[in-house]
2 protein chains.
Amino acid sequence: MEYIVDNIKSQMRKGLLEYCILLILNKKEAYASSIIEELKHANMIVVEGTLYPLLIRQKNQGLLNYRWEESTQGPPRKYYMITDKGRSLISEMDLAWQEIVSTIETIRK
Amino acid sequence: MEYIVDNIKSQMRKGLLEYCILLILNKKEAYASSIIEELKHANMIVVEGTLYPLLIRQKNQGLLNYRWEESTQGPPRKYYMITDKGRSLISEMDLAWQEIVSTIETIRK
DNA sequence: TAGAATACCTTGTATAACAAAGTAGTATTT
DNA sequence: AAATACTACTTTGTTATACAAGGTATTCTA
């Protein structure tokens, strides 16, 4: 039965990832590994192979921009930052999230 | 941009469907069309092609049972009801849901 | 200078949901 | 009685998301 629960949890997390990325970048710019760290800290496990394509997708949608920055300890990092378009999408996602939360409430009654 | 928002919403709903089905059947037994109605009422749009395979999956996992019942206005209906196993999974899903909600809180800070 | 570490990226796979079409029993209309 | 509409259940093919696993490139360190 454990595998069912794990699957449920992972399914629930899916679809919230994009939202989480924007929320994180709304606070301050960050590069992939640091985003993964923050997500892990909040119990939202993500791997590189998931995050990179997602960042690229959001960039292509005009929600993010990035700039390269030299690191003092390693190769250069791609710092992503949110755009105005991304910020206005967050407002809509906030609403969508509230809707979801109250949907669950409604169904539980 | 509207299509992005719609996609986000649909992504957020995904993964919560299984949970919602169990919550609904935890209140009282129901057949597919009535489940779709209740979900629609709570703003969680689902179509037949999504729901039927899901019910069959949950039945095969031992979370649900069903019985046929004649209808006064149409073909017989397959009434699904939750099992003990399904009920105990709900408790775990409640926890998972709480975790998700607080994850979002944490990230938003 | 060889290896370790960091960071970015790509490919193949599994799965969930959807769109659309199909099957079949029951009710209604002509 | 036959044709049509309606209700309900089911299946098939497609799309999209995330993951696992592997790959490339740059920088640091022993």
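Note on naming: letters A, B, ... go to the chains in the order of the sequence lines (proteins, then strands), and numbering restarts at 1 for each one. Predicted, not measured: the structure shown is a model, and the values here were computed from it.
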Exercise for the section: Please determine if a side-chain N or O atom of B:S33 lies less than 4.0 Å away from the OP1 or OP2 oxygen of D:dT7. Expected result: no

Practice task
Round to a whole Å and report the spacing from NZ of A:K78 to P of D:dT27.
Solution key: 16 Å

Handout entry: Euclidean distance, atom CZ of residue B:R13 to atom C1' of C:dA17 [Å, nearest integer]
Key = 11 Å

Exercise for the section: Mind calculating the distance between CD (A:Q11) and C1' (D:dC19) to the nearest angstrom? Expected result: 12 Å

Exercise for the section: Report the nucleotide, chosen from C:dC9, D:dT26, C:dG25, that has the shortest atom-to-atom distance to any side-chain atom of B:P75. Expected result: C:dG25

Problem - Protein-nucleotide distance (B:R57, atom CZ; D:dT11, atom P), rounded to Å - result: 14 Å

Exercise for the section: Mind checking A:I45 for me? I need base, sugar-phosphate or nothing, with any heavy atom below 4.0 Å counting as a touch. Expected result: sugar-phosphate

Exercise for the section: State plainly whether the residues A:D84 and A:R87 are in salt-bridge range, i.e. N to O under 4.0 Å. Expected result: yes

Problem - Residue A:P53, side-chain atoms from C-beta onward, closest of C:dT10, D:dA18, C:dA17 - result: C:dT10

Handout entry: Nearest-0.5 Å distance that lies between atom CG in A:L95 and atom CD1 in A:I100
Key = 12.0 Å

Handout entry: Whether A:K109 side chain and B:I24 backbone form a donor-acceptor pair below 3.5 Å
Key = no

Exercise for the section: Could you tell me whether the side chains of A:E18 and A:Q58 share a donor-acceptor contact shorter than 3.5 Å? Expected result: yes

Handout entry: Closest-nucleotide ordering on DNA chain D, the 5'-leading residue of A:K14 and B:S71
Key = B:S71

Problem - Closest to the A:V47 side chain, choosing from D:dT10, D:dA20, D:dC9 - result: D:dA20

Handout entry: Atom-to-atom span, CE of A:M12 to C1' of C:dA17 - whole angstrom
Key = 16 Å

Problem - OP1 or OP2 of D:dT17 under 4.0 Å from side-chain N/O of B:N7 - result: yes

Exercise for the section: Verify the contact: side-chain N or O of B:Y52 to OP1 or OP2 of D:dT10, cut-off strictly under 4.0 Å; return yes or no. Expected result: no

Exercise for the section: Whole angstrom is fine here: how far is it from CD in A:E48 over to P in D:dA20? Expected result: 12 Å

Exercise for the section: Can you figure out which of D:dT11, D:dA18, C:dT26 approaches the side chain of B:E70 most closely? Expected result: C:dT26

Problem - Short side-chain donor-acceptor distance under 3.5 Å, B:Y19 and A:R108 - result: yes

Exercise for the section: Starting from P on C:dA14, measure out to OH on A:Y3 and report it in whole angstrom. Expected result: 17 Å

Practice task
Nearest whole angstrom, please: distance from the P of C:dA16 to the CD1 of A:I4.
Solution key: 11 Å

Fill in the blank from the handout: Side-chain atoms of A:R77 come closest, of C:dA7, D:dT27, D:dT11, to C:dA7

Handout entry: Whichever of A:L51 and B:Y31 has its nearest DNA chain D nucleotide further upstream toward 5'
Key = B:Y31

